[in-house]
Colleague: 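Dropping the structure in here first, questions after.
Each chain gets a letter, A, B and so on, in the order its sequence line appears, and its residues count up from 1.
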Amino acid sequence: MTDLAQSDRVAKAAAMRAAGVDPFPARGVVPQPISELLAGAGTAAEPGPLVGKTVTIAGRLLAPRDFGKLIFAPIVDRTGRVQIGLRRDSLTEWWPQRKWLDAGDQLGVTGELGFTQKGEITVWASEVKLLAKSYAPPPEKWHGLADVEQRYRRRYVDLWATEGVMDVFIKRSKIVSGIRRFLEAQGYLEVETPTLHPIFGGATARPFVTHHNALGCDFYLRIAPELYLKRLIVGGLERVFEIARNFRNEGISTRHNPEFSMLELYEAQADYRRMMEIAEQMLERLALDINGTTKVTFRGAEYDLKAPFQRVRYPDLFRQQNGCEFDDEPAVRQRAKELGLTDPGNYWKLMNDVFEATCEKLLTGPVFCTDYPVPICPLAKTNPHDPKTAERFELFLGGMELGNAFTELNDPAEQERRFEEQVASKDEEAPGEVDVDYVQALEYGMPPTGGLGIGIDRLVMVLTGQDTIRDVLLFPAMRPLSATQAPEASAEGAPAAAKETH
RNA sequence: GGGCGCGUAGCUCAGUCGGUAGAGCAGCUGGCUUUUAACCAGCUGGUCGUAGGUUCGAGUCCUACCGCGCUCACCA
């Protein structure tokens, strides 16, 4: 047992067992969701029971208020919160067992729905069943869990102890199912592709490495599912999407987590313009479904996700902010010097640094920034009427990148050339070898295809008004506590815990 | 990795100039049949993140380390 278990609570469980009552019974009750019960109860009412309306609820008992012969306490389940009223006169046989209850216990309650003298809707209990004893006390009731580290490390407490947290994750689930509904309605097929990749690609990022014992080789955790999904377009599936967990071995910030969820979709016969339509229609639909309005508030500013979104061309924005063309190397280098940027050793990286320093803050949006320079788009098709730019866009909101899309490069020789350039760069974030199998897939012929990637976590941030990615991740990445600090990991604790179970 | 800040009871936090470790909540005992963070009386609860150092004396000052947050860098 950890040091969170309170001895008096453990002692109560022992007393229950001695009295023949199981503090951890195997069976629960058949409860009605609290929100449902509240919706059916009406508002104003006479004090006293609503005759004939007997309900059963189950949930966590919080902050009991004991008046000696009467106890009030809230019960919370996943849908809401309701007060229960325990009266000695209606629970004569059970009454001594109230001493076994603590805040935090899992409780099943049956009783008549009614109101109190103050008009509070209340389940007047006729039957109470302890469903699981809580050994660890809940957080302080005024402030809840205020320490953010504890909130993330003990999300199983945060979810019910901190106002609004459960709602964010319920919305997250609705957003993900809304995405599925939206795409399936358009004939998309949801697929699953490998997470273990022999060659990492589809994005620029440092990967995690792992090892397969039986095959005797290393694998990378995927940084993007892109190249596998496009293989499926070659395979004839025509419209596919995947909600993929990606892994990038890079810094953690309010917008970055080492593992994050990405929606990627690919559609044969589509191009990046069609991808813009899908993106704006999907976001508008999701905002309406989740919030009932296309207006969202993010980091203190309001945005409207009503389609169509604004469009701005990368070359135009670059020229407007820097007074030169993006491929005017001497002028751009001069500009970089003025901005105090350090040369990353590659002109196109430097140019993009200039863009990010001067233009990205203007992309409050929602806005599609389109037509990126070809050298920074190794997987996108070149604009047929402009060899300097690729048919690519990024979607921004509040200066944050939400999505990335292009008309996919499907010329195998050109793709091979661009892969070779990446490998030759010897960049830490570039793959060590050309993905020959992918080039080979293209050699079989991939139809004209549009592809779109959207960061699910960031989208959830925007739609739920959370400023940091950790608040939309149930278990954000944290440094593990050392064995001596984590009581559940201590060697001495294990045998005792084992005895407690089976 | 750099800068700034934080770490004191199960939880939320005080702790002055370096001089006996504090409060509220939770818990325990008693009282109370209409509370909404109930209330009243009493009690319990501490390796002050860890390890060193300075000092007659360290929660407080110094050093290192650990953890977390913010921020910068990184992250197309």
Colleague: Once you round it to whole Å, what is the distance between P of B:rC32 and CZ of A:Arg98?
Modeller: 10 Å

Colleague: What nucleic acid atoms does A:Glu250 come within less than 4.0 Å of, heavy atoms only: base, sugar-phosphate, or nothing?
Modeller: sugar-phosphate

Colleague: Output the single nucleotide from B:rA76, B:rU33, B:rG10 whose closest atom is nearest the side chain of A:Pro137.
Modeller: B:rG10

Colleague: Pick the C1' atom in B:rC61 and in B:rG19, then give their distance to the nearest Å.
Modeller: 14 Å

Colleague: Take atom C1' in B:rA21 and the same atom in B:rA9, then report the distance between them in whole Å.
Modeller: 10 Å

Colleague: Rounded to the nearest angstrom, tell me the gap between atom CD in A:Glu120 and atom C1' in B:rA38.
Modeller: 13 Å

Colleague: Under 4.0 angstrom, heavy atoms only, what part of the nucleic acid is A:Pro64 near: base, sugar-phosphate, or nothing?
Modeller: nothing

Colleague: Quick one: are A:Arg151 and A:Thr162 in side-chain contact, heavy atoms under 4.5 Å?
Modeller: yes

Colleague: Rounding to the closest angstrom, what is the interatomic distance between B:rU60 and B:rG15 at atom P?
Modeller: 14 Å

Colleague: Are A:Gln83 and A:Arg65 linked by a side-chain donor-acceptor pair shorter than 3.5 Å?
Modeller: yes

Colleague: Taking the same atom, C1', in B:rC48 and in B:rG59, what whole-Å distance lies between them?
Modeller: 5 Å

Colleague: Please confirm whether the shortest side-chain N or O distance from A:Arg153 to OP1 or OP2 of B:rC68 is below 4.0 Å.
Modeller: yes

Colleague: Taking salt bridge (charged side-chain N to carboxylate O under 4.0 Å, His left out) as the definition, give me every residue that meets it alongside A:Arg417, ordered by chain and number, with sequence neighbours left out.
Modeller: A:Glu414

Colleague: Closer than 4.0 angstrom, basic N to acidic O: yes or no for A:Arg311 and A:Glu280?
Modeller: yes

Colleague: Under a 3.5 Å cut-off for both distances, is B:rA76 Watson-Crick or wobble paired, and to whom?
Modeller: none

Colleague: Can you figure out which of B:rU36, B:rA76, B:rA38 approaches the side chain of A:Asn352 most closely?
Modeller: B:rA76

Colleague: May I ask you to say what A:Ala203 touches in the nucleic acid, namely base, sugar-phosphate or nothing, with a heavy-atom cut-off under 4.0 Å?
Modeller: base

Colleague: May I have the step-by-step check of side chain to side chain contact (heavy atoms under 4.5 Å, CB included) for A:Leu221 and A:His197, ending in yes or no?
Modeller: CA-CA 6 Å; A:Leu221 299 188; A:His197 288 189; over 6 Å; no

Colleague: Could you tell me how far B:rG49 sits from B:rC74 if I compare only their P atoms? Round to whole Å.
Modeller: 35 Å

Colleague: Send over the distance from A:Ile469 CD1 to B:rC74 C1', rounded to a whole Å.
Modeller: 15 Å

Colleague: Could you tell me how far apart A:Phe260 (CZ) and B:rA76 (C1') are, to the nearest whole angstrom?
Modeller: 12 Å

Colleague: Report the nucleotide, chosen from B:rU34, B:rC68, B:rA76, that has the shortest atom-to-atom distance to any side-chain atom of A:Phe72.
Modeller: B:rU34

Colleague: Are A:Phe200 and A:Phe247 an aromatic pair by the rule of ring centers under 6.0 Å?
Modeller: no

Colleague: What is the separation between atom CG on A:Asp66 and atom P on B:rA26, rounded to the nearest whole Å?
Modeller: 12 Å

Colleague: Side chain of A:Arg154, heavy atoms from C-beta onward: which of B:rC11, B:rC32, B:rC28 has the nearest atom to it?
Modeller: B:rC11

Colleague: Among the candidates B:rA76, B:rU33, B:rC70, find the nucleotide nearest to the side-chain atoms of A:Arg248.
Modeller: B:rA76

Colleague: How many whole angstroms separate atom CG of A:Leu86 from atom C1' of B:rA38?
Modeller: 15 Å

Colleague: Nearest-nucleotide wise, let me know which of A:Ala477 and A:Glu360 is further upstream toward the 5' end of RNA chain B.
Modeller: A:Ala477

Colleague: Give A:Glu356 one of three labels, base, sugar-phosphate or nothing, depending on what nucleic acid heavy atoms sit under 4.0 Å from its own.
Modeller: sugar-phosphate

Colleague: Want to settle it: does A:Gln150 or A:Thr122 sit nearer the 5' end of RNA chain B, counting the closest nucleotide to each?
Modeller: A:Gln150

Colleague: Looking at B:rC28, I'd like to know if its phosphate oxygens (OP1 or OP2) sit under 4.0 Å from a side-chain N or O belonging to A:Lys12.
Modeller: yes

Colleague: Who is the Watson-Crick or G-U wobble partner of B:rC4, with both distances under 3.5 Å?
Modeller: B:rG69

Colleague: The side chain of A:Gln83 lies closest to which of these nucleotides: B:rC70, B:rC11, B:rU36?
Modeller: B:rU36

Colleague: Please report the distance separating the P of B:rC13 from the corresponding atom of B:rC6, rounded so that it comes out in whole Å.
Modeller: 14 Å

Colleague: For the side chain of A:Asp8, counting heavy atoms from C-beta on, which of B:rU36, B:rG27, B:rC32 is nearest?
Modeller: B:rG27

Colleague: Applying a 4.0 Å non-hydrogen cut-off, can you work out what A:Thr254 is touching in the nucleic acid: base, sugar-phosphate, or nothing?
Modeller: sugar-phosphate

Colleague: Looking at A:Arg255 and A:Asp457, is there a salt bridge between them, counting it only when a charged N and a carboxylate O are closer than 4.0 Å?
Modeller: no

Colleague: Can you check the distance between B:rC25 and B:rC43, where both ends of the measurement are the P atom (answer in whole Å)?
Modeller: 14 Å

Colleague: With both distances under 3.5 Å as the test, what is the Watson-Crick or G-U wobble partner of B:rU54?
Modeller: none

Colleague: Starting the side chain at C-beta, find the nucleotide from B:rC28, B:rA38, B:rU33 nearest to A:Asp102.
Modeller: B:rC28

Colleague: Have a look at B:rC17 and give me syn or anti from its glycosidic angle (syn if within 90° of zero).
Modeller: syn

Colleague: Among the nucleotides B:rU34, B:rA38, B:rU33, which one has an atom lying closest to any side-chain atom of A:Lys69?
Modeller: B:rU33

Colleague: Where the side chain of A:Asp89 is defined as all heavy atoms beyond and including C-beta, which of B:rU33, B:rA38, B:rA76 is the nearest nucleotide?
Modeller: B:rU33

Colleague: My understanding is that a pair needs two contacts under 3.5 Å, Watson-Crick or G-U wobble. By that rule, which nucleotide pairs with B:rU60?
Modeller: none

Colleague: When the P atoms of B:rA23 and B:rU44 are compared, how many Å lie between them, rounded to an integer?
Modeller: 11 Å

Colleague: Check the pair A:Glu408, A:Lys381 against side chain to side chain contact (heavy atoms under 4.5 Å, CB included), reporting the backbone distance first and the verdict last.
Modeller: CA-CA 5 Å; A:Glu408 305 298 334; A:Lys381 180 169 279 194; over 6 Å; no

Colleague: Return the value, rounded to whole Å, for the distance between atom CZ of A:Arg151 and atom P of B:rU12.
Modeller: 12 Å

Colleague: Tell me what A:Arg255 touches on the nucleic acid: a base, only sugar-phosphate, or nothing, going by heavy atoms under 4.0 Å.
Modeller: nothing

Colleague: Calculate the interatomic distance between A:Ile252 atom CD1 and B:rC72 atom P; express it in whole Å.
Modeller: 16 Å

Colleague: Keeping to residues at least two apart or across chains, list the ring pair (Phe, Tyr, Trp, His ring centres under 6.0 Å) pairs with something in residues 362-381 of chain A.
Modeller: A:Phe309-A:Phe368, A:Tyr314-A:Tyr372, A:Phe368-A:Phe393

